[in-house]
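Labels below follow one simple rule: chain letters A, B, ... track the order of the sequence lines, proteins then strands, and each chain is numbered from 1.
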Amino acid sequence: MNVKERGASRKAAGREVRQASGKTAASEKPRAKGGGCCNRRCKRAAAATPHRASLHTCIHTHTNKHSDLRYCTAYTVHSTSSSIHYKNFVFVTDTQLKRLFILVTGRRQTYVGRIKFAQFDTVSTAKKIIVATEENVLAALHLKTGEIVWRHVFESDSSGNIRLLHVGDKITTVTGDNPYLVRGWDSATGVLMSEWSLTMQDGSRAEFSEFWVQNGLLVHMVPIYHSHIEVTMYNLMTGSNRGATSKLPASWIDPGQVISICLFTAPYYTCVSRDTPSRMLLSINVTSNPIQVIRRSLSSIMQGAPGHLRALDGNSVIPGLIVEDKKIVLFKNNDFKVLNTDVPHYIASATVADTARGPVVMQIQSSRGYHLIAHTLSGELVPEVHSPDSFYDIEEPELLAVTCARDQLACRLLMNTVDEAVHLVQQGGVILWSREESLANIKSVEFVDLPVSEADAALESEFDQKEGSVWWSFVRRLQSQVQQLQVLVERLRSGEVLEQGPASLHRDYFNLHRIMVLVTEAGKIFGMDNLSGSLVWNLYLPTLSGARTILTRRAARHPHTAMITIVGTHADTGNGYIVTLDPITGRIVPEHTVQLDLGILQCMTLQETGDDQLRALVILDEDEAVQVYPPSAASLVHNVHMYVADPDTAIVKGYAIRYNGREVVSERTWSSYLGGSRLARIVSVSSRSRLERVRSPGRALADRSVLYKYSNPNLVLFVLEKTDPTHKDVVVSVVLDAVTGAVVGASSHRRARALPLAVHADNCFAYMYRSDKHRRVEIATMELYEGKDRWSPAGEPFSSSASWRAPVVERQAYILPALPTAAAFTITERSLTDRHVLLGLSSGGVVEVPWSFLEARRGAVGEESVLPYLPELPLPAERVLSYNLTLPRLAALHTSPAGLESTSLMLATGLDLFYTRVAPSRTFDLLKDDFDYYLITIVLAALVLATYGTKYLASRKTLKMAWK
Amino acid sequence: MEHSLNCKTEKFCPRGSISLRSMRTGTAVIEQINFNKQHISQLKDLADLDGFYTVRTLVTTSDSIREIEYLSSVKAKYFLDSRLSDVINAWILPNGEVMAVTFQVTNTTNGNVLEATAAEYEINSKFYVNHVDQAPVPDTATYIQKLEREREAKEKGDLKDNRPFYAKYWMYIVPILIFVMISGAANPEPASQPAR
């Protein structure tokens, strides 16, 4: 929901830090009861208003739960929307099966991440591109479509880091960081063929080692500064060492400058000498025998060059360097060959490719768009490959791999752009396919409602007009009905079929069709259609970085367009950067896009809206000053509270923000040291979702009394980790009221490490930690209750400042037989449906766990509505939402309510994207997919016929009786 | 303990002190100043603005090196409404460190507003020490015990059940017998028809 940065955490690459820095603001105003329910859709919602529903709703849900309980314990039926087709699978055709499969499982899109190395696989019959990425993924992409043929996901830390990719008749990779793993893969299937490990004795030099493959041997090179170069060759398959390590004397290698001044372009190792007055370019072919050092003065290549070297991109067939981003130097016949064509731009990418006319130097000319220049080595232009015009709007393209046909001048170029997209470009600048690999790293997700269609909008605007007499509204009613009739007649005449295709971006009947706004790490923002998974729009903002959050400023309500605001930091200055855009079209709203002069501590949107339905954005900056956008909304700010937590020190501060007649000011109202005086770290923070509603004030007990829930909307759950001299690591969880700073409940776990997973909804809290003592993952849950008496009368709005009583805290802990990586609560429109916790597991599945399995009162004596206590949570295979799909590196789960009460929409992000619908209490408000419409129509018709038939017969009989 | 009321130049001035003798029992001695008319009028001014009455607590322990500052606020209006009675909650971590000191006003239902008539008013404070306690751990021991008890009960049941057949199922046999007898008595078999 919002952002906070501190000097240290801004740049910190640590994932936890960033995760923990997401903060929420709390407003003391209780959430409006059924806010925004004025449209007709609410009237369709099956049940009573949740806030008002007292005992009746309570018991209703209670029995609901009870009936669900039976299914849960038996593990035979599961509650996802369409488990029904299970048995029919055998009989359906393949395409049907595929369609059904998508329906049942949801939709998955696979990604590989930003590509580091790529090579065309020209050896095997099925043409592929083999890629290795910065996400430590090895994959084969289909040459024609760009789809993933096979994929291997390695470890996410440095042990999975891919250092070498070589494609021959099989694929060779070197991964890790001393010890290295050398693996051979079959290029057609991706099956592992061979694996051996390589360990260097001297680990301190490991980071400078270089690998390449030459004549079927793996060559490993380590430079030892001021002394020599060690070169070792290994058999690719077995790893057997052929002979000893050879040491090549090279005392000219300059220490300390190895990163900028020395460069390795297999098999040449090149340095710029520093000691001689005229700088020399020294190079050595480390595999040649006898050893020969090539020298050339830098000034003969380029005047006044300080000696900046860069290697050619894209698997150049001839090894070469770019000196000072200007001159291309190739190694030919053990000598330097300086090309007479200059590199046009300082970030321009260049490579040498083998074509029908011999080696050709290809260069991307500009930083924007696709300008390809091709020369032969002697400097003459190759017009066939040359592509002087910029066809596409692509950012800073970099050549990854080039392949050209042997017999004619036709080339294919694989290019990486700075926004992490990959394009395969053909001769003449035709893009064959593109992949948006930045989607493998999503920071923030928001589900946005689509605007209503024009007919619905007309209807809504009719009811929106409140002024006017009864007659006026009657006239309006007639007018709109005439309009509707006209539209209908028009449609019938043109023979248009009434259909809501996925292309039409209009709200559907149950509000299931949405736009998902995805903000990626690379600074690219996407609008994705949730039903088809296609990208509707994209927007690249290279300067947007840092922790991000999306706030909905305005829903798409006629006549206003929707508006969302992305709050992040500016990449160059680290100050606040606010981007507002229309989520349906992806267009930036320039008047609401601001670059602040200061960092942002916290931000939120107001509950109340101005005349234009726009919620104002309130920002607390680093100087604890408040800024309101738009400034005209300042007078709406009253009774607003925010909190700011520092993840590294665990100090949490609360601010009251109000309008004093002239400007909006903040006042610090509370501060706490959640971790005590010693060092502690906030691992995760969870506050109530904006979309969450309270369904009932309490729950019915077996003795017919009601246990009232403590439904404070301003609660925030903090999970801290701190070291303790006696118990090693201690996890402390604190629930506090963000308005007053009052601690509502707290508990500690000894010898445990916190996981950055905490969820909160209504009066329920859950967080996960790793128990060091038992070496397992446990999930702790908390529930807050007022007790059997209600503290305030029904319907009275809750106020944090006026309350002083402490609720009863029920606590429980369970063993989780899996490693979770993401967690979320399901959210439904009115929160009448059961609440489930969705867990993303490291094994690649998304499991739903009913709250009745986790609830803190589980095992209470004499209670029929709660399950008996079981220490270990069962995670049955039927409850895996992703079915047989594996979602590697699952990072986060995002849920949003659908227009149907039973259904919640879920998007899992990570390396892959996975979207599905969840129905926690099963689809009670939907007809099943195999509902037999024909049967029910026939039965009804038969019944009507039978009624009239018997009526006729009966009257005839009475007539006959009367005659007798 | 300091508050932000009737302080001339500085932001906070002393309000009182709480000395906690023993952390475990939570017995504490509270010494606080009384509010005079100036205090009350200033509090009223704050209440008119819907402002906050802020209390700063500086915590020192016998072994601590530095003072740690905790802030907490209550709405001035509510504080007046409750006739200057508040609840002070101190939360203490298991290792004895103070996590939070918070002020909250008590029941605000008695609506009679404090009139600045008397010269001095006493602050009514209640002080509670809350310990952050151990969270429950997954209770495997009792669950295993329960399972074992059930298994034992089952085994016992199996052992006991070696009574003769009639002793075990007499309750089913008797009603059937009675039913047969009654039905037999009710319709006596019709006499065999005489041969033609």
Examine whether an atom of [X] lies under 4.5 Å from a heavy atom of chain B, and if so say whether it belongs to the side chain, the backbone or both; otherwise answer neither.
{"X": "A:Ala780", "value": "neither"}
{"X": "A:Val743", "value": "both"}
{"X": "A:Val730", "value": "neither"}
{"X": "A:Tyr814", "value": "backbone"}

Can you tell me if [atom1] on [X] sees more than 12 non-hydrogen neighbours from other groups inside 6.0 Å?
{"X": "B:Trp170", "atom1": "CH2", "value": "no"}
{"X": "B:Met181", "atom1": "CE", "value": "no"}
{"X": "B:Leu177", "atom1": "CG", "value": "yes"}
{"X": "A:Arg753", "atom1": "CZ", "value": "no"}

Point-to-point distance, once rounded to the nearest 0.5 Å, from [atom1] of [X] to [atom2] of [Y]:
{"X": "A:Leu870", "Y": "B:Thr140", "atom1": "CG", "atom2": "OG1", "value": "12.0 Å"}
{"X": "B:Trp91", "Y": "A:Leu674", "atom1": "CH2", "atom2": "CG", "value": "11.5 Å"}
{"X": "B:Tyr143", "Y": "A:Ile815", "atom1": "OH", "atom2": "CD1", "value": "10.5 Å"}
{"X": "A:His638", "Y": "B:Asp50", "atom1": "NE2", "atom2": "CG", "value": "10.0 Å"}

Return the option, out of [options], with the maximum number of heavy-atom pairs under 4.5 Å with chain B.
{"options": "A:Gly741, A:Ser672, A:Ala656, A:Gly654", "answer": "A:Ser672"}
{"options": "A:Ser748, A:Gly745, A:Ala746", "answer": "A:Ser748"}
{"options": "A:Arg750, A:Arg658, A:His749, A:His774", "answer": "A:Arg750"}

Checklist entry - Between B:Tyr70 and A:Tyr673, is the ring centre distance below 6.0 Å? => result yes
For the candidates [options], which exhibits the highest count of non-hydrogen atom pairs separated by less than 4.5 Å from chain A?
{"options": "B:Val87, B:Asp133, B:Leu93", "answer": "B:Asp133"}
{"options": "B:Glu69, B:Lys77, B:Gln104, B:Gln134", "answer": "B:Gln134"}
{"options": "B:Pro94, B:Ala100, B:Ser73", "answer": "B:Ser73"}

Item to check | Region of B:Leu49 in contact with chain A, defined by heavy-atom distances below 4.5 Å | outcome: backbone
Checklist entry - For B:Asn89, is it the side chain, the backbone, both, or neither that has a heavy atom closer than 4.5 Å to a heavy atom of chain A? => result neither
Checklist entry - Do A:Lys722 and B:Asn95 touch side chain to side chain, with heavy atoms closer than 4.5 Å? => result yes
